[in-house]
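Reading through the structure tokens given below for one structure.
Residues take their numbers from the sequence shown, with the count starting at 1. Both backbone and side-chain heavy atoms feed into the values below; hydrogens, waters and symmetry mates do not.
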Amino acid sequence: MFKVLVSDPISDLGIQQLMDAADVQVDKKTGLSEDELTAIIGEYDGLLVRSQTRVTERIMNAGTNLKVVGRAGVGVDNIDLEAATKRGIVVINAPDGNTITTAEHTFAMMIALARHIPQAYAKTVGGTWDRKSFLGVELRNKTLGVMGMGRIGSEVAKRAKAFGMNILAFDPFLTEERADKLGVKLSSVDHIIRNADFITVHTPLTPETRHMIARPQFEVMKRGMRIVNCARGGIIDERALVEAIDEGIVAGAAFDVFEHEPPESDHPFLNHPKVIVTPHLGASTVEAQENVAIDVSEQVLHILRNEPFKNAVNFPLVAASVMNKLQPYFSLGEKLGSVAAQITAHAVKEIHVDYAGELAEVDTQALTRYIVKGVLERHLGSEVNIVNSMHLAKSRDLHVVVSQTPKTKDFTNLVTVTLKTQNGLERIVAGTLLLGYGERIVRLDKFPVDISPEGHLILISHNDKPGIIGRVGTLLGENNVNIASMQVGRKVIGGEAIMLLTVDKDVPKDVLIKLAGLSELNTAQQIALG
């Protein structure tokens with residue numbers, strides 16, 4: 001008989017299949033302190049939580065029989081994943097359970113925004129019959145820009161099509177083929193910004209997406225456009241948005257999320273007549289709360305019965321002998337994927353990973369997960385992990401191809417990551433571990449290099465002409481950017497070449513633009529690594 005503890009309020013309907021299982025005993029004990037939970041967790045094989053219970057390392061260590069921790073929701077910030085992995089405890093969540101409810105909330109906000117519903121309601125119940133102040137707009141024939149075409153963004157697009165909207169879609173992994181399947185037009189962020197009547201964002205919050213819509217974007221938007229954010233606070237610059245509304249650029253905004261939650265009482269959104277706000281209700285429906293509980297309960301049952309399961313957010317089990325060979329390459333693999341993604345400008349349709357040398361002799365599936373995570377993480381942020389990376393790639397029609405070569409010319413092991421884009425371009429990054437030097441990037445596209453993948457890097461593509469290095473160094477020095485190391489690569493004298501610099505801090509975008517504007521320079525890209 002398996003014993004499962006439910007330590008947060010979860011409806012009986014959500015955990016009914018656990019309660020009905022003949023081989024499972026379910027105990028509901030909510031509101032426990034860490035001491036109280038630690039004292040009893042040793043009796044249980046499974047623990048089911050929402051967001052209230054903090055599952056700490058101390059609790060994990062006390063859970064001598066604990067096999068699984070299930071989070072009835074998406075975020076697992078309240079669970080110590082590292083401690084769980086060390087103890088061999090599987091942590092699972094329910095990433096799909098709130099997809100529909102969040103998409104519907106987004107659409108509800110869009111309609112309310114188009115027709116001024118909250119403002120009209122407040123005035124009517126306040127005793128004023130005012131039909132003239134709330135002239136709205138139809139959704140039909142309007143252009144909707146959807147930024148982020150994952151699960152939720154795709155569902156929003158589906159509903160927008162039913163309302164007769166024209167849909168422009170951006171996602172870093174959206175190809176023409178997938179866009180055609182979804183019935184949307186593949187677009188760039190800039191094209192959406194300039195042409196959309198409505199914009200809704202559905203991206204994770206990452207360094208790449210933080211304030212992706214800010215003052216420069218508002219300045220080129222269609223006057224009278226409207227904007228919705230039911231994804232993450234911080235994707236849109238809130239202060240710049242208020243200014244754009246006051247200047248008449250943006251007709252109105254609807255937000256379910258804030259940069260800081262709950263917002264301060266003087267937040268400009270809260271009293272602005274053209275802004276609609278809700279308190280992060282995207283996943284707050286009876287159905288969603290039950291769905292996530294049902295999903296996670298089903299997976300808990302599979303794990304207890306040693307059956308195939310999904311939605312784990314920590315590392316899957318790997319044979320110790322294989323782990324010993326692969327583990328030194330996990331960090332390198334993730335960084336190679338990240339570098340490849342950061343230098344690739346177009347939508348990726350294939351990730352090709354080649355293992356050469358001794359790595360070709362073992363099962364490298366675990367290492368491939370790290371590489372794919374590195375590729376996806378730039379755009380998906382904390383949504384992606386080493387367990388779901390392959391699933392997320394597949395859900396975006398992103399093919400992962402692995403090849404193995406027993407011999408390598410110059411290294412004991414070599415890992416090569418190639419990203420193939422929808423327009424036929426390829427970006428290549430290769431790396432290895434060197435005795436005494438650690439992780440090294442040894443190839444970028446066709447150029448040999450030798451540099452440690454850490455900190456802040458600048459990749460410069462240029463023509464091999466005298467004086468370029470000096471001009472680059474002078475410009476960076478004038479902008480207080482210190483160069484720690486430099487690598488140059490070329491194939492022929494006077495031809496195409498690259499320069500890879502390690503610098504001490506983040507490089508402002510305007511400095512990168514100045515670099516790219518130097519004579520004989522083609523591109524300048526920043527690469528940020530942990």
Side-chain angles (χ1 to χ4, degrees), residues 172-173 175 329-360 364 367-379 389-390 393 396 398-434 437-454 457-464 486-492 495-502 521-529:
F173 303 107
T175 61
Y329 288 88
F330 287 160
S331 173
L332 172 67
E334 187 169 340
K335 290 175 181 176
L336 292 177
S338 177
V339 171
Q342 290 183 61
I343 65 175
T344 303
H346 302 283
V348 178
K349 72 175 189 177
E350 182 176 301
I351 304 172
H352 190 108
V353 183
D354 182 73
Y355 298 107
E358 295 176 355
L359 285 175
T364 55
L367 178 52
T368 302
R369 290 175 179 271
Y370 274 94
I371 293 170
V372 175
K373 175 180 181 285
V375 173
L376 298 181
E377 195 167 33
R378 178 193 176 200
H379 300 290
S389 59
M390 302 298 286
R396 286 163 168 76
L398 184 57
H399 302 290
V400 180
V401 180
V402 177
S403 63
Q404 295 176 312
T405 308
K407 295 182 180 180
T408 178
K409 182 178 179 181
D410 300 312
F411 306 100
T412 304
N413 286 297
L414 185 67
V415 182
T416 303
V417 179
T418 304
L419 300 190
K420 299 183 179 182
T421 67
Q422 64 173 13
N423 57 359
L425 297 178
E426 293 185 356
R427 298 308 300 262
I428 303 171
V429 183
T432 190
L433 298 181
L434 293 180
Y437 294 93
E439 300 171 350
R440 311 298 293 182
I441 295 176
V442 297
R443 178 185 174 189
L444 277 172
D445 293 327
K446 60 185 177 182
F447 303 104
V449 295
D450 179 15
I451 197 161
S452 176
E454 59 184 6
L457 307 175
I458 304 175
L459 175 61
I460 295 172
S461 171
H462 62 96
N463 301 318
D464 185 30
M486 174 183 292
Q487 278 278 312
V488 294
R490 67 181 185 183
K491 282 292 187 178
V492 295
E496 185 183 355
I498 63 169
M499 189 185 309
L500 193 58
L501 311 175
T502 302
L521 262 70
N522 303 317
T523 61
Q525 299 170 278
Q526 180 166 225
I527 302 170
L529 297 168

Residue pairs involving residues 339-348 (criterion salt bridge (Lys or Arg N to Asp or Glu O under 4.0 Å); sequence neighbours excluded)
none

Could you check whether any side-chain heavy atom of Q342 comes within less than 4.5 Å of a side-chain heavy atom of Q525, counting everything from C-beta outward?
no

Taking the side chain as everything from C-beta on, heavy atoms only, tell me whether I451 gets closer than 4.5 Å to L444.
no

Looking at every heavy atom in both G333 and L367, which two are closest together, and how far apart are they?
CA-CD1, 4.3 Å

Pair N522-N463, side-chain contact (heavy atoms from CB on, under 4.5 Å): steps then yes or no:
CA-CA 8 Å; N522 303 317; N463 301 318; 3.8 Å; yes

Which residues share a side-chain hydrogen bond (donor to acceptor under 3.5 Å, both in side chains) with D445, sequence neighbours left out
R427

How far apart are the closest heavy atoms of A341 and R378, and which atoms are they?
O-NH1, 2.8 Å

Between H379 and F173, the two heavy atoms sitting closest are CD2-CZ, 3.7 Å

Nearest 0.5 Å, what's the OG-CG distance between S461 and L500?
12.0 Å

Anything under 30° is parallel, anything over 60° is perpendicular, the rest tilted; go ahead and classify Y370 against F330.
parallel

Please report the interatomic distance CG(L419) to NZ(K349), rounded to the nearest 0.5 Å.
13.0 Å

Any non-hydrogen side-chain atom of T418 less than 4.5 Å from a side-chain atom of D354?
no

Spatial distance of atom CD (E454) from atom CD1 (I441) [nearest 0.5 Å]:
10.0 Å

Looking at every non-hydrogen atom in both residues, tell me the closest pair between T175 and V348 and how far apart they are.
CG2-O, 4.0 Å

d(M390 CE, L398 CG) to nearest 0.5 Å is 9.5 Å

Tell me, do L459 and I498 make a side-chain contact under 4.5 Å, heavy atoms counted?
yes

Please find the pair of heavy atoms, one from H346 and one from L425, that lie closest to each other, and give the distance.
CD2-CD1, 3.8 Å

From CD1 (I371) to CZ (R369), nearest 0.5 Å
12.5 Å

Can you name the salt bridge (charged side-chain N to carboxylate O under 4.0 Å, His left out) partners of R440, sequence neighbours left out?
D450

The side-chain contact (heavy atoms from CB on, under 4.5 Å) partner of I351 among V402, V372, T368 is V372

Hey, are the side chains of I343 and V429 touching, using non-hydrogen atoms and a 4.5 Å cut-off?
yes

Any side-chain heavy-atom pair of E439 and L433 under 4.5 Å
yes

On a heavy-atom basis, which atom in A360 and which in Y355 lie closest, and how many Å separate them?
CB-O, 3.8 Å

Step by step, work out the side-chain contact (heavy atoms from CB on, under 4.5 Å) result for H352 and E426.
CA-CA 10 Å; H352 190 108; E426 293 185 356; over 6 Å; no

Do side-chain atoms of T432 reach the backbone of N413 as a donor and acceptor pair under 3.5 angstrom?
yes

Nearest-0.5 Å distance, CG of residue L501 to CD1 of residue I527:
10.0 Å

Quick check: does any side chain N or O of T416 sit under 3.5 Å from a backbone N or O of A430, one acting as donor and the other as acceptor?
no

Indicate yes or no: at least one non-hydrogen side-chain atom of S338 is less than 4.5 angstrom from one of L529.
yes

Is there a side-chain contact between V415 and T364, using heavy atoms and a 4.5 Å cut-off?
no

